[in-house]
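For reference, the structure discussed in these notes is given below.
Just the heavy atoms: all of them, side chains too, but no hydrogens, waters or symmetry mates, feed the values below. Just so you know, residue 1 is the first one in the sequence shown, and it goes up from there.
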Amino acid sequence: MVEFKSYKLEDIFTWQPQKEIDPLKIPDLTVLSDVRYPFYGQATLNNGIISYLSLTGNVLNNVEGKPTILVHSNNQNVVYLETPFYLKDGHGATSVLQSEVLNERIALYLIACIKKVITKKFSYNEKATKIALKNTVIQLPVTEKGEIDYTYMERYTGELEEERISELSSYLEVSGFTPCCLTDDELKAMELYRSKKVIYGDFKVGKLFDIHPTKSYGLTNRILFKTKGKTPVVVNSSIENGIGGYVDLEPTEKGNMITYTDTTTSEGIFYQPNDFIGYSHIQGLYPLNNIEWSENSLLYFLSVFKKQAAGRFDYATKFNRKLAAEMVVQLPINSQGDIDFGFMDSFIQALKKLAIKDVVDWKDVVISKTK
């Protein structure tokens, strides 16, 4: 039986000094270099990384690349890193924590313990300031001598990692992604693309899709966020594939279609693989001319549709149905001038396989190390 004791964060970590950067001064701080380091801010996506920069050395944190945990006070986001980094100006809103015993697996265990407490204890109106964090108490496993059991943390995280890797291996095998060999059609599609021999044609979006609002049950925020179920609800969002929650209602829309929100940027355009319910301001693209678009074809279209919409719309300039229908996109065509759905299918499938290959290689390395 594992025993646990309570510890204040200030008894576990050492708070490090930090150098913060005003984003407006980045151009003046930029230097010519092939070496770039992550630029962290109060972000919840991409592990908190905003971008990668090459700046003057006097604004670089963690020069020695020690294992480090960052805790953002505004949104209680916690990230792990072991590289030098830059930090966005937040008036000291980010705590930089280090410990001599820290490594990746131990850090992941500690991060889970920290997040379990601070996501309930703090909010945007009651921030996780440095003083508040130092006095925050978490539960940690201890040895028979009553000392923090870092060995247990490392072993426990490793076992979880091995379990998830095993599940990933099974998924990849069932999905046909192992081994990641390209078919003749996929190789041909990649060669055509790389040699720039693909022929494109201009197509007006409104000639390919009927664009109109998705159907809903008149859901309110109270129903959406207070109930639980299996049916995804697509909302006015630019993250999580637009899904804001799951409800115990029958879907109103079939999957394998594209949705977008008309009140945000192009980041609100998504492919929906599963049946769903639409919410306020969610537009759907419904194929015309009895054309059945495959998943890969829609993913190809999605990429060019988002590219065309990028930077053109925001909350003030609505991405309405008329503007979307008038938009012109370039799609690959065959010798008859028709959309080359075969090329789109093969090209996207090849990209999937090449992308998943990196995951497979990483998986095999982790399994090898674990054994």
Side-chain angles (χ1 to χ4, degrees), residues 44-45 201-332 338-339 341 344-345 348:
T44 56
L45 299 178
D202 291 338
F203 295 87
K204 189 174 289 188
V205 174
K207 297 294 184 180
L208 303 175
F209 299 92
D210 177 26
I211 305 174
H212 59 77
T214 54
K215 301 171 186 175
S216 71
Y217 290 100
L219 294 173
T220 64
N221 285 348
R222 179 180 178 81
I223 296 175
L224 176 61
F225 297 110
K226 295 296 183 181
T227 62
K228 293 183 179 180
K230 295 182 179 180
T231 301
V233 180
V234 180
V235 300
N236 186 18
S237 172
S238 60
I239 60 174
E240 302 294 341
N241 216 52
I243 296 173
Y246 294 83
V247 295
D248 189 20
L249 295 170
E250 288 298 315
T252 59
E253 305 290 346
K254 292 291 185 182
N256 192 46
M257 67 176 293
I258 290 174
T259 61
Y260 78 90
T261 169
D262 58 17
T263 59
T264 61
T265 67
S266 61
E267 296 304 313
I269 305 174
F270 296 105
Y271 169 74
Q272 303 300 338
N274 304 312
D275 297 351
F276 66 95
I277 297 173
Y279 195 53
S280 176
H281 296 288
I282 302 303
Q283 308 295 328
L285 275 66
Y286 302 83
L288 293 172
N289 305 318
N290 295 320
I291 297 176
E292 294 186 9
W293 292 68
S294 66
E295 175 181 333
N296 284 346
S297 294
L298 283 175
L299 289 173
Y300 189 105
F301 172 83
L302 173 68
S303 66
V304 296
F305 187 49
K306 291 187 70 168
K307 184 178 180 179
Q308 283 295 97
R312 296 176 57 183
F313 308 101
D314 54 29
Y315 193 82
T317 307
K318 301 289 195 303
F319 190 16
N320 60 47
R321 297 192 296 276
K322 182 178 179 181
L323 291 174
E326 292 296 320
M327 190 175 293
V328 175
V329 296
Q330 285 194 327
L331 297 175
D338 299 322
I339 298 176
F341 290 98
M344 292 194 292
D345 281 334
I348 294 299

What pair of heavy atoms forms the shortest contact from [X] to [Y], and how long is it?
{"X": "Y300", "Y": "M344", "result": "CD2-SD, 3.5 Å"}
{"X": "D202", "Y": "V328", "result": "CB-CG1, 3.7 Å"}
{"X": "F305", "Y": "V329", "result": "CA-CG1, 4.2 Å"}
{"X": "V235", "Y": "I282", "result": "O-CD1, 3.2 Å"}
{"X": "M327", "Y": "Q308", "result": "SD-CB, 3.5 Å"}

According to side-chain hydrogen bond (donor to acceptor under 3.5 Å, both in side chains), who are the partners of [X], at least two apart in sequence or on a separate chain?
{"X": "T259", "answer": "Q272"}
{"X": "Y271", "answer": "N256"}
{"X": "K204", "answer": "E326"}
{"X": "E240", "answer": "none"}

Could you grab the distance from atom [atom1] of [X] to atom [atom2] of [Y], nearest 0.5 Å is fine?
{"X": "N241", "Y": "F270", "atom1": "CG", "atom2": "CZ", "value": "5.5 Å"}
{"X": "I211", "Y": "Q283", "atom1": "CD1", "atom2": "CD", "value": "8.0 Å"}
{"X": "I243", "Y": "N274", "atom1": "CD1", "atom2": "CG", "value": "7.0 Å"}
{"X": "L298", "Y": "I258", "atom1": "CG", "atom2": "CD1", "value": "5.0 Å"}
{"X": "F301", "Y": "F341", "atom1": "CZ", "atom2": "CZ", "value": "10.5 Å"}
{"X": "D210", "Y": "R321", "atom1": "CG", "atom2": "CZ", "value": "9.5 Å"}

Tell me which donor-acceptor pairs under 3.5 Å the side chains of residues 288-295 have, and how far apart each pair is, sequence neighbours excluded?
from: S294; atom 1: OG; to: S297; atom 2: N; distance (Å): 3.2
from: S294; atom 1: OG; to: S297; atom 2: OG; distance (Å): 3.1
from: S294; atom 1: OG; to: D345; atom 2: OD1; distance (Å): 2.3
from: E295; atom 1: OE2; to: K352; atom 2: NZ; distance (Å): 3.2

Handout entry: Partner set under side chain to side chain contact (heavy atoms under 4.5 Å, CB included) for D275, not counting sequence neighbours
Key = P251, K254
Exercise for the section: Just do the side chain to side chain contact (heavy atoms under 4.5 Å, CB included) check on M257 and F276 with the steps written out, would you? Expected result: CA-CA 10 Å; M257 67 176 293; F276 66 95; 3.7 Å; yes
Could you tell me whether the side chain of [Y] reaches within less than 4.5 Å of the side chain of [X], counting heavy atoms only?
{"X": "I277", "Y": "V247", "result": "yes"}
{"X": "T214", "Y": "T252", "result": "no"}
{"X": "E253", "Y": "Y286", "result": "yes"}

